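Since the model is a prediction, treat every value here as computed from it, not as a measurement.
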Amino acid sequence: MPTSQLFQYTPESMRVSPARAGGFLTSHGQVSTPAFMPVGTQGTVKGTTPAQLLEIGPQVILGNTYHLGLRPGDALVAQLGGLHAFMGWKGPILTDSGGFQVFSLASMRKITEEGVAFRSHHDGSSHFLSPERSMEIQRNLGSDIVMALDECPAGRMERLQLEASMARTTRWLKRCREYPLAEHQGLFAINQGGTHLDLRTHHLEEILEIDAHHPFQGFAVGGLSVGEPKEEMNATLAEFVHLLPEDRPRYLMGVGTPEDLLFGIEQGVDLFDCVLPTREARHGRLLTSRGRINIKNARHRESPEPLDPDCGCYTCRNFSRAYLHHLFRVGELLASTLNSIHNLSYTVGLTRAARLALLENRFPDFARLTRDNWKTEEP
RNA sequence: GCCGAGAUGGCCGAGUGGUUAAUGGCAGCAGACUGUAAAUCUGCCACGCAACGCGUUACGGAGGUUCGAAUCCUUCUCUCGGCA
């Protein structure tokens, strides 16, 4: 079954804000939105087993083209039955194209019209990622949602440079669209333009020209949360997201914090992904309905309380802050696991709760209450 | 008892006459992290202040040499190894 178009639960005419609930089908299950997608770059959502992930309940998880193409290699993954089978995850998978690595590994790559020449971060060996190669890797991985290869420019890139980068991203997008993917795979286009509304809209027009001949299954907003001021990111989202086609999923890439998710949903974003919940979990920074806590802080040493009394995750059901504090202080692996389970549960749960509130027509109240609660934990 | 080695800030451990309140590491106290080169990285970490500066104690104890000592000398105490 091919990844299909968005179907909406709340028609535009019945909505009081751009925020919306929706969903679409993939061959590995339905995706209900808004949804937060945990990142599993190297074929694992760091710190969790698929069974634990199943309980957390994400709609989709991510894998990465650059990383998996390098190790263990997409051909091997294909030989072993594809990424779903390889990593033991039966639900939908989205693979990022390697576009973000063009940004994050900037010191180890060179961009040309043909593609991106990378030095492997493992051993320095040379590799070339073209739009076609990115598609080939993602086809081999067998993900349900394939991301177009883009150039993710740094947040403070000069306008002129940004325009050149975007033009190339558009040309790459055409090549990605022309590449034959597997029957079940859907391709998402990525919009760039930094925090310039005119560049964003211009790029969107170019994307929609391609879309008119050969439709994309979704649209992503890329190039945000990459160093630009938060106010500029929010202004851009507020001005731009509602311009994206209504009838297909909108994906805000690399975002983020609970605050950002709520704001994004309010602007009409359907999908999010971010490494923050798992990375911060590994670093002892935990999200709760009452704000953030740092479990390594001495003040939690003797606390019998759960992390978040309003959370029903495995970690909060079974362990005290004192225990989590202890595990972190002694450097036990279980600290990462329990913390990751919680942060992911919180983040996935936030988008799920938002969806429910949207379906029940009480989203504005939900958003206000959620924000008020965040202020209670730490002064 | 003799011979040898050594005693440094909470711990381990550099430093052997002067940019030394004293390298590092650990522990401790905080912070950062947004399509993962991140189980990572950063700051603080003797005491007292009218504190981006000043003062006071500090390298086992006591005494000495020197303009100046954690660093050299004497002695005491203790620790470790070897021989009796």
Participant: How would you summarise protein contacts on nucleotides 35-40 of chain B per nucleotide, using B for base, S for sugar-phosphate only and - for none, with heavy-atom distances below 4.0 Å?
Facilitator: BBBBBB

Participant: What does the list of N/O pairs under 3.5 Å between the protein and nucleotides 24-28 of chain B look like, with a distance for each?
Facilitator:
from: B:G28; atom 1: OP1; to: A:R329; atom 2: NE; distance (Å): 3.4
from: B:G28; atom 1: OP1; to: A:R329; atom 2: NH2; distance (Å): 3.2

Participant: Side-chain donor-acceptor pairs under 3.5 Å in residues 232-241 of chain A, sequence neighbours left out?
Facilitator:
from: A:E232; atom 1: OE1; to: A:T195; atom 2: OG1; distance (Å): 3.2
from: A:T236; atom 1: OG1; to: A:E232; atom 2: O; distance (Å): 2.7

Participant: Among the clusters formed by ILVMFWY side chains lying less than 4.5 Å apart, do A:I61 and A:L261 turn up in the same one?
Facilitator: yes

Participant: Could you list the residues that satisfy salt bridge (charged side-chain N to carboxylate O under 4.0 Å, His left out) with A:E163, not counting sequence neighbours?
Facilitator: A:R159

Participant: Based on the glycosidic angle (syn within 90° of 0, else anti), state the conformation of B:A51.
Facilitator: syn

Participant: List in chain and number order the residues that pass salt bridge (charged side-chain N to carboxylate O under 4.0 Å, His left out) with A:R301, two or more places apart in sequence or in another chain; answer none if no residue qualifies.
Facilitator: none

Participant: When Ile, Leu, Val, Met, Phe, Trp and Tyr are grouped by side-chain heavy atoms lying under 4.5 Å apart, directly or through other members, which residues fall in the same group as A:L162?
Facilitator: A:M157, A:M166, A:L199

Participant: Could you give all pairs that pass the salt bridge (Lys or Arg N to Asp or Glu O under 4.0 Å) test and reach residues 54-71 of chain A, with sequence neighbours left out?
Facilitator: A:E55-A:R317

Participant: Starting at the 5' end of RNA chain B, write a dot or bracket for each base, bracketing those in Watson-Crick or G-U wobble pairs whose two distances are under 3.5 Å and using | for partners on another strand.
Facilitator: ((((((((.[[[..)..(.....]]].(((((.......))))).((((...))))...[[[[[..)....]]]]]))))))).

Participant: Please give, in whole Å, the distance from B:C33 C1' to A:I295 CD1?
Facilitator: 18 Å

Participant: Holding to salt bridge (charged side-chain N to carboxylate O under 4.0 Å, His left out), I want the full list of residues that pass it with A:E266, two or more places apart in sequence or in another chain.
Facilitator: A:R371

Participant: Would you list the pairs meeting ring pair (Phe, Tyr, Trp, His ring centres under 6.0 Å) in which at least one residue belongs to residues 98-119 of chain A, sequence neighbours left out?
Facilitator: A:Y66-A:F118, A:F100-A:F103

Participant: At under 4.0 Å, does any side-chain N or O of A:N294 touch on OP1 or OP2 of B:A30?
Facilitator: no

Participant: How would you list all residue pairs meeting ring pair (Phe, Tyr, Trp, His ring centres under 6.0 Å) that involve residues 146-175 of chain A, not counting sequence neighbours?
Facilitator: none

Participant: Among residues two or more places apart or on two chains, list those pairs meeting salt bridge (Lys or Arg N to Asp or Glu O under 4.0 Å) that have a residue in residues 164-177 of chain A.
Facilitator: A:E113-A:R171, A:E114-A:R175, A:E132-A:R175, A:E151-A:R168

